[in-house]
S.K.: 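My questions will all concern the structure given below.
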Amino acid sequence: MKELQNQESSKLVRFLQLFVIVYFFFYIFPFPLDSIPFIGAIFKYYTNFIELLTIWMGENVFGLEQIEKIKMTGSGDTTFDYVKLCAFLVLSFFVTGIFFLFKTTINTEKIIVFVRTYARYFLAFILLSYGFSKFFEGQFSYPSLERLDQKIGDSSPMGLLWTFMGYSKTYSVFGGLCQVSAGFLLFFRRTSAIGSFLALIVMANIVVLNFSYDVPVKLFSTHLVLISLLILYPNLKNLFKLFFLNKNIELFSEKSLIKKKEIGYVVLALKALVIIGFISILSVVAIRSALHKPSHNLQAIYSPEKFLKNGTIVLDEQWKKFIINNRSATIFYDETKYEDFDIEIDMKDQTIQLKSKSDTLNVDKLKYRFSDDHKIMYLSGKFKTDSIYVTFDVKRKEDFELVKRKFNWINEYPYNK
């Protein structure tokens with residue numbers, strides 16, 4: 001009787017192991033095949049099948065009247081994404097059941113090694129891409145004039161986090177280095193244990209931030225933590241002995257899927273190419289970032305002090321705010337109504353050309369000049385159908401306290417304004 005119970009328990013454990021592995025395979029697949037030219041089109045049939053299954057489950061299982069995949073929103077926590085996870089769970093359970101139904105003596109070890117290796121490369125590429133994006137103005141950029149001018153109480157939790165991360169390039173780069181380091185370590189079997197451990201720490205912090213500040217990539221970041229645990233799983237017991245029992249341990253290295261040395265050399269060469277490729281891309285972006293300098297020095301927030309339209313001072317119809325960025329500008333007519341423009345600035349002739357983004361045929365050319373202390377700007381010319389003359393107070397980035405306050409080794413008192 002006891003032997004029968006042990007057999008049933010062993011079958012259940014193998015079923016759960018295979019179920020977890022199959023689930024993560026479906027979650028990751030078809031990476032990276034869908035990104036390969038020509039070949040990627042083949043895997044659209046798979047993604048279309050998953051989408052159809054998700055929509056069917058949403059309508060027939062969860063009773064949703066309308067469910068569709070919303071593209072290019074930047075959110076990974078849509079209703080579709082949650083139902084899609086349920087579809088993956090059902091599909092994984094079904095496939096695992098088929099394996100056990102037709103082959104109860106299946107060797108799950110090879111499948112587990114393959115999927116863990118697959119997940120390791122997936123996690124490595126994700127960490128590298130997010131890590132490198134933090135080195136420049138990719139994921140987090142320095143607070144814009146609009147963000148600096150916004151009241152902290154009017155910002156969203158995610159906007160507050162993005163401002164916090166973007167303000168300090170040092171901290172952002174540090175986070176990127178942690179992600180890149182974990183990604184590179186995951187590329188190799190012998191360093192995969194420490195790589196997955198570092199990835200777990202880094203991603204756990206990101207998951208807490210995403211949940212705390214309502215960043216809509218909670219599902220994806222949580223899965224990256226689980227994938228880190230999946231890769232680290234064979235070493236969890238050893239790490240417990242090291243950290244809590246103070247015992248000497250030997251970390252487990254993932255078994256190689258490649259038996260022939262010749263093929264191993266090819267794989268090693270491909271890894272080297274990937275690493276060189278990432279470094280090359282990083283170098284190109286660094287050079288472009290260094291060469292990409294502002295084309296003018298007019299970036300500021302301009303608040304009207306005096307507004308004349310057709311020679312008459314007006315109060316109700318004046319601009320509430322005029323913000324000039326490097327290649328664009330925005331005129332705020334009130335708290336909710338505004339208009340965006342592409343701009344061309346001729347610093348020699350001191351002219352600003354405004355090209356409305358909503359009406360491309362509308363182009364206005366205005367003349368500007370500054371007071372001697374550059375704290376006041378005078379703007380004149382024809383805007384749309386009216387002749388205007390405006391006196392602005394000027395507030396540049398360096399006039400904001402957040403920008404003015406720099407790092408200080410010595411602080412006699414906390415500067416917590």
S.K.: Evaluate the ring-ring contact (aromatic ring centres under 6.0 Å, His included) criterion for residues Phe125 and Phe187: first the C-alpha distance (whole Å), next the side-chain angles of each, then the deciding distance (0.1 Å), finally the verdict.
M.R.: CA-CA 9 Å; Phe125 275 102; Phe187 266 119; 5.6 Å; yes

S.K.: Quick one: do the Ser221 and Asn210 side chains pair a donor with an acceptor below 3.5 Å?
M.R.: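 Yes, side-chain donor-acceptor contact under 3.5 Å.
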
S.K.: Would you call Glu344-Lys355 a salt bridge at under 4.0 Å N-O?
M.R.: yes

S.K.: Between Asp149 and Lys395, does at least one N-O distance fall below 4.0 Å, as a salt bridge requires?
M.R.: no

S.K.: With distance as the sole criterion, is a donor-acceptor pair present between the side chains of Gln353 and Asp346 under 3.5 Å?
M.R.: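 Judged by distance alone, the side chains do not pair up.
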
S.K.: Is it true that Lys382 and Asp364 have a side-chain N and a carboxylate O under 4.0 angstrom from each other?
M.R.: no

S.K.: For the rings on Phe99 and Phe15, is their centre-to-centre separation under 6.0 Å?
M.R.: no

S.K.: Between Phe332 and Lys321, is there a cation-pi geometry (under 6.0 Å to ring centre, at most 45° from the normal)?
M.R.: yes

S.K.: Do Tyr118 and Phe25 pass the ring-ring contact (aromatic ring centres under 6.0 Å, His included) test, and can you show the C-alpha distance, the side-chain angles, and the key distance before you say yes or no?
M.R.: CA-CA 8 Å; Tyr118 183 38; Phe25 175 79; 5.7 Å; yes

S.K.: Among residues two or more places apart or on two chains, list those pairs meeting side-chain hydrogen bond (donor to acceptor under 3.5 Å, both in side chains) that have a residue in residues 45-62.
M.R.: Glu51-Lys69

S.K.: Looking only at side chains, do Ser371 and Asp373 share a donor and an acceptor under 3.5 Å apart?
M.R.: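 Distance-only check passes for Ser371 and Asp373.
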
S.K.: Indicate whether the side chain of Glu146 and that of Tyr338 have a donor and an acceptor atom separated by less than 3.5 Å.
M.R.: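 Not at all, the side chains of Glu146 and Tyr338 share no donor-acceptor pair under 3.5 Å.
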
S.K.: Taking the side chain as everything from C-beta on, heavy atoms only, tell me whether Lys397 gets closer than 4.5 Å to Pro143.
M.R.: no

S.K.: Measure up the Phe370 and His374 rings against each other and bin them: parallel (under 30°), tilted (30 to 60°), perpendicular (over 60°).
M.R.: parallel

S.K.: Between Ser356 and Ser358, does any side-chain donor sit less than 3.5 Å from a side-chain acceptor?
M.R.: yes

S.K.: Could you tell me if Lys337 sits above the aromatic ring of Tyr333, with its cationic atom closer than 6.0 Å to the ring centre and no more than 45 degrees from the axis?
M.R.: yes

S.K.: Looking only at side chains, do Asp340 and Thr330 share a donor and an acceptor under 3.5 Å apart?
M.R.: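 Result is yes, a qualifying pair exists.
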
S.K.: Around Ile152, counting heavy atoms of other residues, nucleotides and ligands shown, do more than 12 lie under 6.0 Å from its CD1?
M.R.: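 Open.
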
S.K.: So, Gln179 versus Lys134: side-chain donor-acceptor pair below 3.5 Å or not?
M.R.: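 Result is yes, a qualifying pair exists.
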
S.K.: Evaluate Phe24 against Tyr27 for ring-ring contact (aromatic ring centres under 6.0 Å, His included), listing each step before the verdict.
M.R.: CA-CA 5 Å; Phe24 280 108; Tyr27 183 82; 7.0 Å; no

S.K.: Would Arg405 and Tyr167 count as a cation-pi pair here, with the cationic atom under 6.0 angstrom from the ring centre and within 45° of the axis?
M.R.: no

S.K.: Would you call Arg14 and Glu109 a salt bridge, using N to O less than 4.0 angstrom?
M.R.: no

